[in-house]
Amino acid sequence: MAGERTFLCIKPDAVQRGYVGEIISRFEKRGYKLVAMKFMKASDELLKKHYAEHVGKGFFEKLLKYMSSGPVVPMVWEGKDVIAQSRKMLGATNPLKSEPGTIRGDFSIDMGRNICHGSDSTQSAEREINLWFSEKERVEWKSMAESWIY
Ligand code: RTP
Ligand code: MG
């Protein structure tokens, strides 16, 4: 459905390397609609909730250090099949396994510096959107381009 929403988060390495505009641009150009966005440093408390499924794993402390090392750009995007499509656009978790043309495949080479997060399911998307954004921070608006996209 066109109203499907996902949570994406541009990670600290991408902010430092100047890829914020490029990443946003890929989702805009594909035809997805931006619903919410902020620029912030994520607290350990928030990141532990966000990556709850990974707490206790061998790579967790490194992941926490990486994700809290600088500002991030959390966002909500909307559109047809956006959860699955944005994961495809990101590429595989390990950038060495990401196809060229994907965000990770084009801009990264290390698993611990993989540029951008995307929700992996409907349930994760709902949980992550609610975790990072209040209802007031989500902007309800009509895109004038929509009738040319759908
Ligand atoms: P993300 O949640 O960030 O979108 O990444 P993902 O779904 O593709 O991968 P996930 O399994 O959820 O892992 C979350 C992040 O943890 C780091 N990681 N390191 N073995 C490792 O060293 C390892 N495994 C995962 C990556 O930064 C990954 O994106
Ligand atoms: Mg994940």
message = Using the ring pair (Phe, Tyr, Trp, His ring centres under 6.0 Å) definition, which of the options F133, F27, F7, Y32 pairs with W77?
response = F27
request  = Go through M111 and N94 one step at a time and tell me if the side chain to side chain contact (heavy atoms under 4.5 Å, CB included) criterion holds.
outcome  = CA-CA 5 Å; M111 177 103 115; N94 181 348; 3.7 Å; yes
Lys/Arg N to Asp/Glu carboxylate O, K88 vs D81, below 4.0 Å = no
query = When you look at M40 and W132, which way does the side chain to side chain contact (heavy atoms under 4.5 Å, CB included) test go after all the steps?
reply = CA-CA 11 Å; M40 61 184 279; W132 288 78; 4.0 Å; yes
key: Distance, nearest 0.5 Å, that separates CZ of R30 from CZ of R26   = 12.0 Å
inquiry  = Quick one: does any side-chain atom of E4 pair with a main-chain N or O of I83 as donor and acceptor, under 3.5 Å?
reply    = yes
query = So, S69 side chain and Y66 main chain: donor-acceptor pair closer than 3.5 Å or not?
reply = yes
request  = Could you tell me whether a side-chain N or O of D106 sits under 3.5 Å from a main-chain N or O of G101, the two making a donor and an acceptor?
outcome  = yes
query = With distance as the sole test, does R104 use its side chain to make a donor-acceptor pair with the main-chain N or O of C116 at under 3.5 Å?
reply = yes
request  = Mind running side chain to side chain contact (heavy atoms under 4.5 Å, CB included) on V15 and V72 for me, showing each step along the way?
outcome  = CA-CA 7 Å; V15 173; V72 294; 5.5 Å; no
query = Short question: side chain of E146, backbone of S143 - any donor-acceptor pair under 3.5 Å?
reply = no
task = Keeping the roles fixed (side chain from N114, backbone from P95), state whether a donor-acceptor pair exists under 3.5 Å.
result = no
query = Are any side-chain N or O atoms of R5 and backbone N or O atoms of A125, one a donor and one an acceptor, separated by less than 3.5 Å?
reply = no
key: Presence of salt bridge, E61 and K65, under 4.0 angstrom   = no
message = Would K33 and W141 count as a side chain to side chain contact (heavy atoms under 4.5 Å, CB included) here? Give the steps.
response = CA-CA 9 Å; K33 186 174 93 172; W141 65 290; 3.3 Å; yes
task = Answer yes when K142 and E78 have at least one side-chain N-carboxylate O distance shorter than 4.0 Å, and no when they do not.
result = no
